[in-house]
Amino acid sequence: MTADLHIHTTASDGRLAPEDILERAAAAGLAYIAITDHDTVDGLLRLQNSSPARPGQPVILSGIEFSADFPDNEVHILGYGFDPLRPELQRQLELLTRDRLTRAERMTAKLAALGYPVSFSRVLEIAGGAASVGRPHVAAALVEKGYFPTVSAVFEALLEKNKPGYLPHYKIPARDIIKLIQAAGGIPVLAHPALVGDDRLVREIVRLGIGGIEVYHPEHTPRQIQHYLALADETRLLVTGGSDFHAIPGRYPERLGEFTIPAQLALRLISSCSTHETDGSGI
Ligand code: AMP
Ligand code: ZN
Ligand code: FE
Ligand code: FE
């Protein structure tokens, strides 16, 4: 039995609708999945409010991915098993997604000044009504214009942190993200720690009260996996993992089910959530 606890949908910068994710996850035989969109729970709510689970479909764990406010490093914090309707969480998500819109607009202005004009309205069309607009939508508009062959090439040239087209969006401090997730009954997990690029910072975030470490991620090498397994063991933190699936061509993994973790890890996470009830509701 397998699980995938890191999946993006069209509610943020993934290219498959939540319903398509569910269908493909079932086809791939996944027992547990988590929708972890950037700064939004819209995709998750769409699935939770649609038809009840059918036999053979995976259990859906509530999830989200926040970006923390550090000046030089990309630090992402995942949340699991929380109540997505908690008012304080909803209020923060509203602020974050609203700022992402103005940031995308300012980004198109910046890119035009750099010699890569794309219209903001085209970026919004590409985003297709996503609650959370992100750099991959802007990058896709540049690829469509023929400036670059792939989304990754756009990031490398212009959109990575400290590259000329980059602009930050409003971010919450790590300590507050952790509190927000816990106050909604969930477990905060440090996403892809190897991508933080600084193990002192990783340990600092562990000390802030994180509940788990995303040890298994497609960009982690076998050595890094061993390293973060040892850190999770030492600090008595939960171990999680997922594919960080976006369905963006050329970005691994290309298919759901290509990168999975043992279902046992998802079960341990679920049984640690305070929203967990024996009848399985509220996960
Ligand atoms: P944002 O939250 O709008 O700043 O964008 C974050 C998204 O950009 C995430 O999906 C990342 O995986 C993606 N991303 C970050 N760096 C790269 C890169 N070098 N190539 C492709 N995608 C990237
Ligand atoms: Zn993403
Ligand atoms: Fe991330
Ligand atoms: Fe992600």
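For ligands, and for the atoms within them, numbers begin at 1 and follow the listed sequence.
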Within the 4.0 Å heavy-atom shell around G134, which atoms of ligand 1 are there? 3 (O)
The protein heavy atom nearest to atom 15 (C) of ligand 1 is F155 CE2, 3.4 Å
With the Zn ion (ligand 2) as the reference point, give the N/O/S atom of H246 that is nearest. NE2
Hey, is E219 touching ligand 1 through its side chain, its backbone, both or neither, going by heavy atoms under 4.0 Å? neither
Under 4.0 angstrom from ligand 1, any heavy atom of E156? no
Where do F245 and F259 land on the ring pair (Phe, Tyr, Trp, His ring centres under 6.0 Å) test, with the steps shown first? CA-CA 9 Å; F245 184 64; F259 183 99; over 10 Å; no
At under 4.0 Å between heavy atoms, what of R100 touches ligand 1? The answer is side chain
Regarding D13, does it place an N, O or S atom less than 2.8 Å from the Zn ion (ligand 2)? yes
In ligand 1, the atoms that come under 4.0 Å of a heavy atom of P136 are 5 (O), 7 (C), 8 (O)
Considering only N, O or S atoms, which atom of H76 is nearest to the Fe ion (ligand 3)? ND1
Charged N to carboxylate O under 4.0 angstrom, R24 versus E254? no
Could you list the atoms of ligand 1 found under 4.0 angstrom from a heavy atom of R251? 10 (O), 11 (C), 12 (O), 13 (C), 22 (N)
Using side-chain heavy atoms (C-beta onward) and a distance below 4.5 Å, is H38 in contact with L96? no
For E74, is there an ion pair with K161 - N to carboxylate O distance below 4.0 angstrom? no
Of the side chain and backbone of R135, name the one, both, or neither that has a heavy atom under 4.0 Å from an atom of ligand 1. both
Would a hydrophobic clustering, with Ile, Leu, Val, Met, Phe, Trp and Tyr connected at side-chain separations under 4.5 Å, put V75 with F155? no
Using heavy atoms and a threshold below 4.0 Å, how should the contact between A139 and ligand 1 be classified: side chain, backbone, both, or neither? neither
K179 with E88: basic N within carboxylate O range, under 4.0 Å: no
H246: numbered ligand 1 atoms lying under 4.0 Å from its heavy atoms: 10 (O)
Under 4.0 Å to a heavy atom of R103 - the qualifying atoms of ligand 1, by number: 1 (P), 3 (O), 4 (O)
For ligand 1, which is the ligand I care about here, please tell me if D244 has any N or O atom under 3.5 Å from one of the ligand's N or O atoms. no
Only to 10 degrees, please: what angle do the OE2 atom of E65 and the NE2 atom of H192 make about the Fe ion (ligand 3)? 110°
Taking the side chain as C-beta and beyond, is there a heavy-atom pair between Q224 and E219 under 4.5 Å? no
Does ligand 1 have an atom under 4.0 Å from some heavy atom of E74? no
Using non-hydrogen atoms of the residue, decide whether H8 is closer than 4.0 angstrom to ligand 1. no
Is any side-chain heavy atom of I21 less than 4.5 Å from a side-chain heavy atom of I35? yes
Just distances here: any N/O of S67 and N/O of ligand 1 closer than 3.5 Å? no
At a 4.0 Å threshold, what atoms of ligand 1 neighbour a non-hydrogen atom of H38? 9 (C), 10 (O)
Is the closest side-chain heavy-atom distance between H246 and S12 below 4.5 Å? no
Does R98 come within less than 4.0 Å of E94, counting only side-chain N to carboxylate O? yes
For residues H192 and H220, establish whether the separation of their ring centroids is below 6.0 Å. no
For ligand 1, which part of D13 has a heavy atom less than 4.0 Å away: the side chain, the backbone, both, or neither? side chain
Which of the numbered atoms in ligand 1 are under 4.0 angstrom from any heavy atom belonging to E160? 19 (N)
We want to know whether D39 and S132 form a side-chain donor-acceptor pair, criterion being a heavy-atom distance below 3.5 angstrom. no
State the atom name: nearest N, O or S atom of H38 to the Zn ion (ligand 2). NE2
Is the closest basic N to carboxylate O distance between E144 and R122 below 4.0 Å? yes
For S152, does its backbone N or O pair with a side-chain atom of R251 as donor and acceptor, under 3.5 Å? no
